[in-house]
Colleague: 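Below is the structure I would like to discuss, written out as structure tokens.
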Amino acid sequence: MAVTVARSVLLSELLSRAAGRTVHLVDRERLAAECRRSDQPLYTAYRDVHRRQVTNVANPPTTWRGDRVHYAGGLLPTGEPVRSVGHWNPPGQIEVFQVLAGRVVILVARPDEPDHLSIAEYREGEMCVVPLNAFHLTYSPWQDSVVYNIYSSGGGWPPPDHTRKYDGEAAPPHTLIFTAGQARAEQATVTPEPAQVDRVPLTADGLDLPARLPSLLVDASDEQLRELAATFNTAPAVDRA
Ligand SMILES: [Fe+2]
């Protein structure tokens, strides 16, 4: 049975990770000064809301986990939206997000495609299928939002300590800025501007997923989860967008 662990992340933690150069922020010095005056909560993550282990014939078992993250909404003093830390998924890991409440923008950078960036908006009920091995980061510019995600073990994942997933390679040099007072994804600018910015959601077309993602790790059979993994491995999401 999964043991859910809740942890809140403050702006000061995001800043400390940016100092380690694995996170890029809009005007880090100004944001640090603002934070010294007043720190603020960004999100609370509930890890291991669901957990399943699925046996495989020729390979080690696959561990599936489900997390739920409650984001504050709005903009940081620099114009960057409230956000997650962001990280590169480990090789072979499958990950799907679904917005349970609110509205977010998920930034996805694809491996080996530095000039291509996805910054699509996802509303309640919509899913984001992360391409294999990609970087992803969630923004909550508008209001409080709740996002659930499933992910599979892969490449030594999951580590025993959740915070270690942020200790990998440096983030791609992309951040979003929203025009003051007009927090709309269409008006986001990207610094530096990559050659190709894709605003089309990375949908779950072709995947056998339930309408409500949190039910998957509760109701799906082992065979259904094996088939889901096989679909990813034979038709990576990077080709499905
Ligand atoms: Fe991830």
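The analysis underlying the following values was restricted to heavy atoms, covering all of them including side chains, and did not include hydrogens, waters or symmetry mates. Each ligand, and each atom within it, is numbered from 1 in the order the structure gives.
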Colleague: Side-chain donor-acceptor pair under 3.5 Å between His70 and Asp144, yes or no?
Modeller: no
Colleague: Using the side-chain contact (heavy atoms from CB on, under 4.5 Å) definition, which of the options Val96, Val54, Thr62, Leu209 pairs with Leu228?
Modeller: Leu209
Colleague: Under 6.0 Å from the six-membered ring centre of Trp64 and within 45° of its axis: does the NZ or CZ of Arg52 meet both?
Modeller: no
Colleague: If you draw the axis of the six-membered ring of Tyr148, does the NZ or CZ of Arg68 fall within 45° of it and under 6.0 Å from the ring centre?
Modeller: no
Colleague: Can an N, O or S atom be found in Gln93 less than 2.8 Å away from the Fe ion (ligand 1)?
Modeller: no
Colleague: Restricting to N, O or S atoms, which atom of Glu95 is closest to the Fe ion (ligand 1)?
Modeller: OE1
Colleague: Vertex the Fe ion (ligand 1): angle to OD1 of Asn89 and NE2 of His87, to 10°?
Modeller: 100°
